[in-house]
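Every chain is numbered from 1 and lettered A, B, ... according to where its sequence line falls, protein lines coming before strand lines. Predicted, not measured: the structure shown is a model, and the values here were computed from it. Scope of the values below: all heavy atoms of this structure, side chains included, with no hydrogens, waters or symmetry mates.
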There are 2 protein chains.
Amino acid sequence: MARSSGTKRAILDAALELAATRGITGTTMDDVAERAGVAKGSLYYNFSSKDQLFEALLEEGVGSLADALREARGTLVGWAAIEALVTALLDRIAANAALAKLMASEIFRTDRAWQKTLFALRHEALLVFAEAIEQADAAAPASAGVAGPGAAGGASTIMASSVFGAVLMSGLEWLVFEPERSRDEVAAAILASLSGALAPRHR
Amino acid sequence: MARSSGTKRAILDAALELAATRGITGTTMDDVAERAGVAKGSLYYNFSSKDQLFEALLEEGVGSLADALREARGTLVGWAAIEALVTALLDRIAANAALAKLMASEIFRTDRAWQKTLFALRHEALLVFAEAIEQADAAAPASAGVAGPGAAGGASTIMASSVFGAVLMSGLEWLVFEPERSRDEVAAAILASLSGALAPRHR
DNA sequence: GTCTATAGAGAGATAGAC
DNA sequence: GTCTATCTCTCTATAGAC
């Protein structure tokens with residue numbers, strides 16, 4: 001469900017753009033109304049409160065992330081799956097930098113009205129990574145210093161965060177501070193850091 | 001310089017704790033005063049404004065990070081340097097989770113009064129990683145699909161973000177959502193993801 | 001150097017006309 | 001379904017006593 005009259009969409013878009021730079025708490029309903037080109041009353045006609053507006057925004061944005069990741073992985077396994085997930089996530093960050101910034105700043109907040117919603121969505125997205133990692137980790141050879149397959153000993157959610165964090169931070173570093181780089185260059189750098197380019201050959 | 005009378009310290013500590021969960025904009029000067037056990041007037045006696053208070057806080061916290069990282073690296077090179085940096089950063093995140101949360105949520109904001117200060121400090125910390133990476137990357141064998149040493153082709157700041165992001169996100173995932181795990185387990189999972197545990201043996 | 005009290009601006013939310 | 005006008009509360013910051 002997208003729109004009643006386009007107004008809802010305009011409000012969500014305006015709210016996202018503003019919150020990406022000022023943060024949610026720093027974005028006022030007056031700002032959103034002005035940017036969306038509607039009156040403040042219309043905000044409250046479409047959303048019951050500021051909290052509810054941003055919950056809807058995060059639900060829409062982060063909610064589709066897990067689907068996109070699952071689709072990107074498809075039937076791939078092992079390192080190919082990791083590669084696909086990393087580049088898909090990077091592309092999504094590039095296509096929606098505002099949402100990525102918002103995610104980065106909200107994901108570890110524990111006092112929000114929408115905390116449960118966001119937590120569930122975050123968990124779902126991480127799970128796609130964790131599944132691919134469990135499978136790839138089991139298949140890969142022993143890694144340096146740690147005993148064989150399953151190197152992380154069941155800590156696949158931590159490894160998933162690790163990969164997710166690597167992509168999110170690099171992606172935003174690129175978009176916010178080094179926009180002159182190409183997408184492929186950034187993707188290659190991330191994949192290099194994850195493929196052991198920094199490690200010696202003991203694996 | 002730490003204190004005039006302990007009041008400054010108490011204010012900074014209170015501000016950090018509150019901002020870690022509510023965010024800076026969501027933290028009021030009244031909250032800070034109450035938690036610090038002083039009157040609001042004392043906040044403005046010690047800091048000229050709310051912005052200045054939080055700038056001082058970030059400067060103190062993030063500013064010491066680069067020093068700590070440099071010290072952790074010491075004279076190590078190659079993968080040993082990366083390992084030392086990763087574990088040092090993880091330990092610092094664990095020791096100061098509040099600051100880590102704050103960093104995660106402020107690092108990509110571009111509208112803050114203290115933006116220039118924070119950018120410079122962030123850059124300094126990333127540089128320590130970038131230097132170690134340039135050296136390790138040049139020394140390591142060819143990585144999968146990409147031509148030999150210097151795999152990232154000068155994108156060492158992106159690789160640095162990648163490693164930094166991996167540690168920051170995993171560290172917070174651990175502290176916020178999976179505190180029952182041990183530090184060593186988390187460190188091992190992060191290092192595994194960076195040492196190529198997920199990649200095939202083509203390197 | 002720390003307090004209380006308050007000024008003044010800005011925030012979320014609602015009422016009611018059109 | 002959208003607007004304008006306004007209510008009420010909260011926030012930053014300051015003034016002035018102690």
Side-chain angles (χ1 to χ4, degrees), chain A residues 1-59 102 105-106 109 111-115 117-118, chain B residues 1-59 102 105-106 109 111-115 117-118:
Chain A
M1 185 91 23
R3 64 199 58 197
S4 305
S5 63
T7 299
K8 219 160 181 164
R9 205 31 312 122
I11 293 169
L12 288 168
D13 291 345
L16 177 56
E17 280 316 310
L18 290 170
T21 50
R22 306 179 193 182
I24 293 176
T25 315
T27 299
T28 72
M29 293 298 260
D30 284 280
D31 292 338
V32 175
E34 190 186 345
R35 173 132 185 179
V38 300
K40 188 158 58 160
S42 295
L43 266 57
Y44 286 93
Y45 177 80
N46 286 281
F47 302 94
S48 63
S49 68
K50 182 183 176 181
D51 278 352
Q52 200 263 313
L53 164 60
F54 281 98
E55 176 162 8
L57 184 59
L58 288 168
E59 196 159 356
L102 207 53
S105 62
E106 289 293 325
R109 293 281 295 273
D111 66 326
R112 296 296 214 182
W114 53 77
Q115 200 205 329
T117 305
L118 185 58
Chain B
M1 187 85 27
R3 64 198 60 200
S4 305
S5 61
T7 299
K8 217 161 184 162
R9 201 41 304 123
I11 293 169
L12 288 168
D13 290 345
L16 177 57
E17 280 316 309
L18 291 170
T21 49
R22 307 179 192 182
I24 292 176
T25 315
T27 300
T28 73
M29 293 298 261
D30 284 279
D31 293 337
V32 175
E34 189 186 345
R35 173 133 185 178
V38 299
K40 189 157 56 161
S42 296
L43 266 58
Y44 286 93
Y45 177 82
N46 286 281
F47 301 95
S48 62
S49 69
K50 182 183 176 181
D51 278 351
Q52 202 261 312
L53 192 171
F54 281 98
E55 176 162 6
L57 184 60
L58 287 168
E59 197 160 352
L102 206 54
S105 63
E106 288 293 324
R109 293 281 296 273
D111 66 324
R112 294 296 213 183
W114 54 76
Q115 200 206 330
T117 305
L118 185 57

Problem set entry | Qualifying residue, where the test is side-chain contact (heavy atoms from CB on, under 4.5 Å) with A:Thr27 and the options are A:Leu53, A:Val32, A:Thr21 |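 Of all the options given, the one that passes is A:Val32.
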Does the side chain of [X] get closer than 4.0 angstrom to OP1 or OP2 of [N] through an N or O atom?
X: B:Tyr45; N: C:dT2; answer: no
X: B:Ser42; N: C:dC3; answer: yes
X: A:Thr7; N: D:dG1; answer: no

Send over the distance from [X] [atom1] to [N] [atom2], rounded to a whole Å.
X: A:Leu43; N: C:dA11; atom1: CG; atom2: P; result: 14 Å
X: B:Asp51; N: D:dA13; atom1: CG; atom2: C1'; result: 12 Å
X: A:Phe47; N: C:dG12; atom1: CZ; atom2: P; result: 15 Å
X: B:Leu53; N: D:dA13; atom1: CG; atom2: P; result: 10 Å
X: B:Arg22; N: D:dT10; atom1: CZ; atom2: P; result: 14 Å
X: A:Leu18; N: C:dA11; atom1: CG; atom2: C1'; result: 15 Å
X: A:Met29; N: C:dT14; atom1: CE; atom2: P; result: 10 Å
X: B:Lys50; N: D:dA13; atom1: NZ; atom2: C1'; result: 12 Å

Exercise. Taking the nucleotide of DNA chain C with the closest heavy atom to each, which residue, A:Gly26 or A:Gly41, is nearer the 5' end?
Worked result: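 Its nucleotide being nearer the 5' end, the pick is A:Gly26.
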Exercise. Base, sugar-phosphate, or nothing: which does B:Thr27 touch, judged by heavy atoms less than 4.0 Å apart?
Worked result: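 Sugar-phosphate only.
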Exercise. Below 4.5 Å, heavy atoms only, C-beta onward: do A:Trp114 and A:Leu57 meet side chain to side chain?
Worked result: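 Counting from C-beta outward, A:Trp114 and A:Leu57 never come under 4.5 Å.
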Problem set entry | Side chains of A:Glu59 and A:Thr117, donor plus acceptor under 3.5 Å |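 Side chains of A:Glu59 and A:Thr117: no pair found under 3.5 Å.
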For the side chain of [X], counting heavy atoms from C-beta on, which of [options] is nearest?
X: B:Val38; options: D:dT2, C:dC3, D:dT12; answer: C:dC3
X: B:Ala39; options: C:dT4, D:dA13, C:dG12; answer: C:dT4
X: A:Tyr44; options: D:dT2, C:dA13, D:dA13; answer: C:dA13
X: B:Thr28; options: C:dG1, D:dT2, D:dT12; answer: D:dT12
X: B:Lys40; options: D:dT12, C:dG12, D:dG1; answer: D:dT12

Problem set entry | B:Lys8 charged N/C atom sitting above B:Phe47 aromatic ring, 6.0 Å / 45° |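 Yes, B:Lys8 and B:Phe47 form such a contact.
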Exercise. Looking at OG of B:Ser49 and CG of B:Leu43, how far apart are the two atoms once the value is rounded to the nearest 0.5 Å?
Worked result: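 Spacing of OG (B:Ser49) from CG (B:Leu43) equals 11.0 Å.
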